[in-house]
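Since the structure comes first, as C-alpha cells, the remarks are kept for the end.
In what follows, chains carry the letters A, B, and so on, assigned in the order in which the sequence lines appear, proteins first and then strands, with residues in each chain numbered from 1. Remember, it's a predicted structure, so these values are computed and weren't measured experimentally.
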Amino acid sequence: MSAPNKSYDPVEVEALKPEEVERARDEAVAAFAAAGTLDELKQAKVAHTGDRSALSLANREIGALPPQAKAAAGKLIGQARGAVNKALAKRQVELEAERDARVLVEEAVDVTLPYDRTPRGARHPLTTLAERIEDTFVAMGYEVAEGPEVEAEWLNFDALNLGEDHPARSMQDTFFVQAPDGSADSGVVLRTQTSPVQARTLLDREPPVYVVCPGRVYRTDELDATHTPVFRQVEGLAVDEGITFADLKGTIELLVSKLIGDGLELRWRPSYFPFTEPSAEIDLQCFVCRGESVGNPDRPCRTCSSEGWIELGGCGVVNPRVLVACGVDPSRYSGFAFGLGLERILMNRHNVADMRDMVEGDVRFTLPFGMEI
Amino acid sequence: MRVPLSWLREYVDLPAGETGRDVAARLVRAGLEVETVEQLNADLKGPLVVGQVLSIEELSGFKKPIRHCFVNVGDANGTGEPQEIVCGATNFAVGDKVVVVLPGAVLPGPFPIAARQTYGQTSAGMICSARELGMGDDHNGIIVLESHHEPGTDAIELLQLVDEVLDIAVTPDRGYCLSMRGVAREAAAAYGLPLADPALLDVPPANSYGYPVKVADPVGCDRFVARTVTGVNPAAQSPIWLQRRLQKSGIRPISLTVDITNYVMLEVGQPLHAYDRNRVDGPIQVRRAQDGETITTLDGVQRKLAAEDLVICDNTGPIGIAGVMGGASTEILDAAAGPGTTEVIIEAAHFEAVTVARAAKRHKLPSEASKRFERGVDPEAARAAAQRAVDLLVLIAGGTAEAGVTDIAAPHPLRTIAIDADLPDRVAGTEYGRETVTRRLQEVGCTVAGADIAGADILQVTPPTWRPDLTDPYDLAEEVIRLEGYDNVPARMPTVPPGRGLTEAQRFHRRTGVALAGAGYVEVNNYPFVGEAALDALGFEKDDERRRTVKLVNPLSDEEPALRTTLLPGLLGALRRNIGRGNTDLAIFETGTVFLPKEELKVAPRLPVDRRPTAEQLASLDAALPDQPRRVAVALAGERLPSGWWGKGAGAGWADAVEAARTVARAAGVELTVRQVQRAPWHPGRCAELLVGERVVGYAGELHPRVIKALHLPERTSAMELDLDLLVADGTQRVSGPAVSSYPVATQDVALIVDSAVPAAEVEAALRDGAGELLEAIRLFDVFTGEQAGEGKKSLAYTLRFRATDRTLTADEASAARETAVAAATARTGAVLRGA
C-alpha cells in the first residue's frame with residue numbers, strides 16, 4: 001500500500017483536461033499521417049511522443065493529482081498515448097515499405113549480363129568414354145587392369161599366339177624400341193594392342209578373372225581423318241569355368257545397349273585373331289541410315305560409307321594356347337576377350353567427323369563434352 | 001582377293017537372281033571380309049557390237065590424224081548398211097574387227113552416244129578403246145578383236161563387260177581363300193550347294209623323263225612339280241575371256257604364257273612360274289643361297305641374296321627367289337622383242353611359309369606368290385595347277401605337252417585331330433549335335449571318322465591339305481560355329497563374382513581430371529614422340545637426365561625418334577597450336593606416362609609359350625622395360641581470369657601453375673609444400689619445387705623467357721608437371737573428422753618485416769608452430785615491399801584466427817598466442833614486428 005499523496009498540486013493543470021488530452025492525441029495522429037518520409041516521421045515522433053510533448057507532460061502531472069483523480073486521468077492519458085503509439089507504428093511500417101520498394105527498384109541490375117569470369121574446363125571425351133565403359137563393367141563385377149605402353153614383345157605377341165613369323169605380326173605395323181646396341185633386337189615394342197594386359201593379368205592372378213583394360217596403343221599409321229598412330233582401346237577379358245561364346249555375346253550386347261542404346265542390330269562376323277578362337281568382328285547397324293543407304297546411291301550415308309554397318313571391334317573365345325602360355329589350365333578354364341577402338345566409338349556416338357580433332361588438342365573441340373559423356 | 005561373280009558361278013551354281021551384295025552378305029557371315037562389291041558397267045547400255053572396218057579415209061588438215069571410216073555392223077543398226085564413223089585412233093586397218101558403239105547407247109560415265117557432225121563428216125557412233133569400256137587403263141588405241149567374230153555380235157556379252165566383283169580382305173589364316181577355288185568352297189558351304197572343284201583334274205603320274213630337278217632343301221621346298229610344253233606360239237594373244245578375268249581380278253594381262261600362270265594361280269591358289277627352257281642352263285636346283293650370290297629379279301633390280309634365302313638355280317646360279325619372284329635371265333620373252341619363247345618349263349612348287357615370308361620381307365618384295373605362300377598353299381594342288389597350265393598352253397597357245405612329269409615330294413603326313421564331338425557345343429554355349437558337327441567339318445573338306453574312346457564320343461578329323469591352319473580341336477570347333485552362324489549362338493551373361501571396384505589409384509586419376517577441369521583446365525592428349533629440338537627448346541643442359549630417352553627404330557618422323565621424358569613438349573605444342581588458331585586465354589592439362597630408361601639397359605628375352613614362364617623370366621621382361629610413371633602437367637597463357645564488366649581480370653602466371661599442383665594434391669588428399677629452386681625449363685626466379693614431405697614430386701612456375709621465345713609462346717606462359725604415382729603412394733591416409741568448436745573466434749592481425757629472400761612459407765610455418773594449438777587458421781592478406789618496409793625487406797601481413805575447443809578465449813590468451821607466434825617467426829626467420 002502506498003502512502004497517501006500529500007504533495008499533490010491543488011491546481012488542476014490545463015493539460016489534464018479531457019478535451020486537451022484528446023486534442024493532443026488528435027494532433028499527434030494527424031502529424032504522423034502527414035509525415036511523408038521516415039525523417040519527418042522521426043521529427044513528428046519527437047514532437048508528439050518525446051519528453052517535452054503534451055502527452056508526456058500530462059502523464060508526468062498525473063502524480064500531482066489528488067488520489068481520487070489519478071485513476072481517471074491515468075486512464076484518459078493511457079488511452080491517448082496508446083492511440084498515438086499505434087498510429088506511429090502504423091505509419092512507420094508504411095513508410096519503411098515505401099522506402100524499401102524504392103531502394104530495391106534502384107538496386108535492380110540486368111541479370112542477363114554475361115559472366116565468364118570463372119574459366120571453364122573440360123575432360124577429353126576419350127577419357128570420359130573409357131570411364132563410362134569401365135563403369136559399365138565395374139558395375140557387373142569386373143575390375144580395371146592396366147599395363148605399360150612400352151611392352152615386351154613376348155607379351156605383346158608371343159604370349160598371344162603370335163609367333164615370330166606369324167603373318168598377323170606384320171599385319172600390325174609395330175613401333176620397335178632400340179636395343180642398347182642400337183639394333184631392333186630389344187625385344188621391346190610400343191604395344192600394338194591392349195591385349196598384353198590380358199596376358200599380364202592372367203600371369204598375375206588365378207581365375208576367375210574378369211577385367212577391362214583401357215589404354216593407349218600404337219601403330220605406325222600416318223594421322224588422317226580416320227587413322228591415328230596413337231589411339232585408345234578398351235580390352236575386356238573373362239576367364240572362368242564354363243565361359244562360352246554365348247557369354248561373350250550377352251556381355252557385348254549389354255555393353256552396346258548401355259553405351260549406345262537399344263534397337264540397333266549387331267552383326268557378328270567371323271574373323272581371325274591369333275589370340276581368340278573362334279574370333280569375331282562386331283558390327284553395329286549404322287545409327288544414321290539404319291542400313292538404308294546400302295546399294296542406294298540416292299541416299300548415301302557418310303557415317304557408314306553406305307555400308308550399313310559400323311565396326312565396333314574384335315572379340316572371341318580366348319585361344320587355349322594363350323591360357324597355356326599364361327599358366328592357366330585350359331581343360332578347366334575357358335574365357336572370352338574383346339577389344340574396342342575408342343576413337344571409332346566416339347566418332348559414331350558423338351558424330352565426330354575427323355579423328356584429327358581428337359588428337360590436336362584444340363580446346364574448342366573438347367569444351368562441349370564437359371566433365372562426362 | 002578380287003572375285004568376279006561371273007567367274008564364281010562357274011564353280012558354284014548360285015541362284016540366278018542372286019546379286020553380288022547377296023553373295024557378299026552370305027560370305028561375310030561365314031567369315032570372309034568382303035570389303036566392297038564393285039558394279040562393273042552397271043550403267044552401260046547398248047547397242048555395242050562387233051564391227052568390221054570396210055574403208056578408211058585419212059582426213060588431213062587437222063591437228064591430229066583423223067579417220068573417216070565405214071564399218072560393217074551387221075544388222076545391229078537396223079539397216080544393214082555400213083555405219084559411218086569418224087575415229088581419232090590409228091591402230092587398226094581395213095578388215096579389222098573392232099568394237100562399235102551405236103547411237104542410242106550409253107557408255108560408262110555416263111556418256112550417251114548420238115550421231116553428230118565432226119571434222120566435217122557425220123559420225124554415227126564410235127569405235128571403242130579398252131578404257132572407254134571400263135576395261136582398265138590400257139589405252140593403246142582401240143580394241144582389235146580376233147578375226148573370227150561376226151559383225152553385229154553383241155560385244156557387251158562378248159567382252160563380259162557387265163559384272164560384279166567382290167573384293168575380299170583375306171585374313172592370315174585363310175590362305176586358301178586367295179583363290180577362286182577357296183572362295184567357291186566357302187560360297188558352296190554358305191549356300192549348301194555342291195562345289196565344282198577346279199583342282200580335280202586328271203594328272204599323269206610322275207616319271208623319270210621330266211625336266212631334271214634336284215631339291216637340296218626338302219624343308220624349304222617339300223614339293224616341286226615341273227612340266228614342259230614345246231611349240232608355244234610366242235605371238236599368240238590371250239583370249240578375251242582370259243584377259244577379262246585377269247583384269248577384273250586386278251592383274252594386268254602381259255603375255256599369254258604369263259597370263260596363264262597368273263590365271264591358274266587365281267583359279268586354284270597355286271603360284272606358278274614359267275621359265276623359257278632355252279634360257280635355263282642345265283638341271284634346276286633348289287637350295288639356300290650362298291653368301292655373295294646375286295640375282296636380277298623380273299623387276300630388273302639386282303639383289304644381294306642372304307644365306308637364308310631359298311633360291312631356284314641352274315648351272316649359272318640363282319634364277320629365282322623361291323616363292324617370291326623369278327629371275328630376269330630365264331624370263332618368258334615376247335615375240336615383239338625378237339624371237340619369243342617357244343619352249344616353256346612350268347614350275348608348281350610348295351615352299352615353306354616362314355622361308356618365303358622372311359625373304360619377301362628381307363627383299364621388300366611382297367608379291368602375289370609370296371602372299372599366298374606366307375599364308376599356306378595346298379601342297380596337293382601343285383600337280384593339278386601344273387596340269388591346268390599345260391592344258392591351257394596346249395589349248396590356246398598351240399603348244400604340245402611333253403610326256404615328262406617331274407614331281408618331287410617330301411613325305412607330307414596327314415594330321416589327324418581327335419576332337420570331342422561336343423567341343424563346338426561347349427565353346428559356343430549351345431547344342432549343335434554330332435551330326436551337324438560332322439557335316440560342317442566335311443563341308444570344310446575334312447574327313448571325319450567317329451570313335452568311341454573309353455566311353456567318350458570322339459571324332460577323328462583329318463583336315464584337308466589346303467587348310468594348314470587347322471591344327472587343334474579348337475580350330476575345328478571354330479569352323480563348325482562359324483558355318484552354323486554366329487548369329488545363331490544365344491546371348492547369355494556370365495555370373496561374375498563381386499569385384500573390388502576401382503582401385504585407390506584409379507579413383508585418384510579420375511579425381512585429378514575432374515578437379516583440374518573444375519578449376520578451368522581443358523584436357524588434351526598428345527603424342528609421346530619427341531626429338532632433340534624439343535629438348536633443346538626447353539633449355540635442358542647437355543647432361544640433363546631428361547635427355548636420356550627411349551628411342552624407336554622406326555619412328556614416324558626422323559625428327560622425333562624418341563619417347564617423352566616429360567609431358568611438357570607435347571603440352572606446350574598443343575598450347576601453341578591453340579594460340580595459332582586464335583584461342584588466346586588458355587589453361588590446358590594432360591595426364592599420361594613418360595618413359596624413363598632404366599639405369600642398366602637390357603634386352604627382353606623371348607620366352608617359351610608352351611608353359612607359364614618362371615617368376616625370374618617374367619622379371620627379366622619387366623627389367624628390360626623403361627620406368628613409365630604417370631604424370632600430370634598443365635600449361636597456361638593469356639588471362640587466367642578475364643576482364644569484364646565486373647572489373648579487371650588477372651593474367652595467368654606462376655601462382656596459377658603452383659595452385660594447379662595443389663589442386664591435384666588435394667585430389668590425392670595430401671599437402672604439398674613448396675620450395676624455391678632453379679630448374680629448366682622454368683624462370684630461374686619463378687620456379688617452385690613441389691614436395692610431399694621430403695620427397696620431390698614435381699615443379700611449377702613461369703617458363704624461362706628463353707624457352708618462351710624459342711617456342712613462340714606468349715609472355716609469362718606458365719606450367720606445372722607432377723608425378724601422380726608419387727602422390728598416390730602418399731595419399732592413402734584416412735582423414736580423422738575434426739572436432740568443430742562452437743566457441744567464439746578471436747582474430748588478431750600481425751605484420752612482420754623480413755628480408756626479401758626469406759620465403760613466405762617459412763614465416764608462415766614458424767607462426768603456425770609458435771602459435772600452438774589455439775591457432776585455427778592463418779592467412780596471409782598482404783605483401784609489400786618499398787620504403788615503408790625498408791631496403792631489402794618485405795612486409796608480410798597475416799590474420800591469425802584463434803579458437804579453443806572448450807572455452808571462450810580471453811583477449812589476453814589470444815594475445816599471448818600471437819606473441820609466441822611472432823617470437824617463433826623472429827627466432828626462425830629474423831622477422832620483426834612492424835611498427836615495433
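For Gln628(B) (side chain) and Val150(A) (main-chain N/O), a donor-acceptor pair under 3.5 Å exists by modelled atom type. In this structure, the side chain of Arg581(B) does not engage the main chain of Asp362(A) through any donor-acceptor pair within 3.5 Å. The main-chain N or O of Pro114(A) is found under 3.5 Å from a side-chain atom of Trp645(B) such that the two form a donor-acceptor pair.
Interface remark: Asp158(A) contributes backbone and side-chain atoms alike to the contact with chain B (heavy atom separation under 4.5 Å). Looking at Thr228(A), both its backbone and its side chain come within 4.5 Å of chain B, counting heavy atoms on both sides. Both the backbone and the side chain of Val144(A) come within contact range of chain B, with heavy atoms under 4.5 Å apart. Residue Ser334(A): no heavy atom, backbone or side chain, is found under 4.5 Å from chain B. Of the atoms belonging to Phe273(A), not a single heavy atom falls under 4.5 Å from chain B.
Within the 4.5 Å cutoff, the side chain of Val553(B) has no heavy atoms near those of the Val177(A) side chain.
Applying the salt bridge (charged side-chain N to carboxylate O under 4.0 Å, His left out) rule to pairs touching residues 178-187 of chain A yields nothing, sequence neighbours excluded.
Among all heavy-atom pairs drawn from Val230(A) and Pro528(B), the shortest one is CG2-CD, 4.1 Å.
Under 3.5 Å, the side chains of Arg232(A) and Asn525(B) contain a donor-acceptor pair of N or O atoms.
Applying the salt bridge (charged side-chain N to carboxylate O under 4.0 Å, His left out) criterion to Glu134(A), with sequence neighbours excluded, gives Arg510(B).
The candidate with the highest count of non-hydrogen atom pairs below 4.5 Å against chain B, out of Val317(A), Leu203(A), Thr366(A), is Leu203(A).
Between Arg321(A) and Asp610(B) there is no salt bridge, since none of the side-chain N atoms of the basic residue sits less than 4.0 Å from a carboxylate O of the acidic one.
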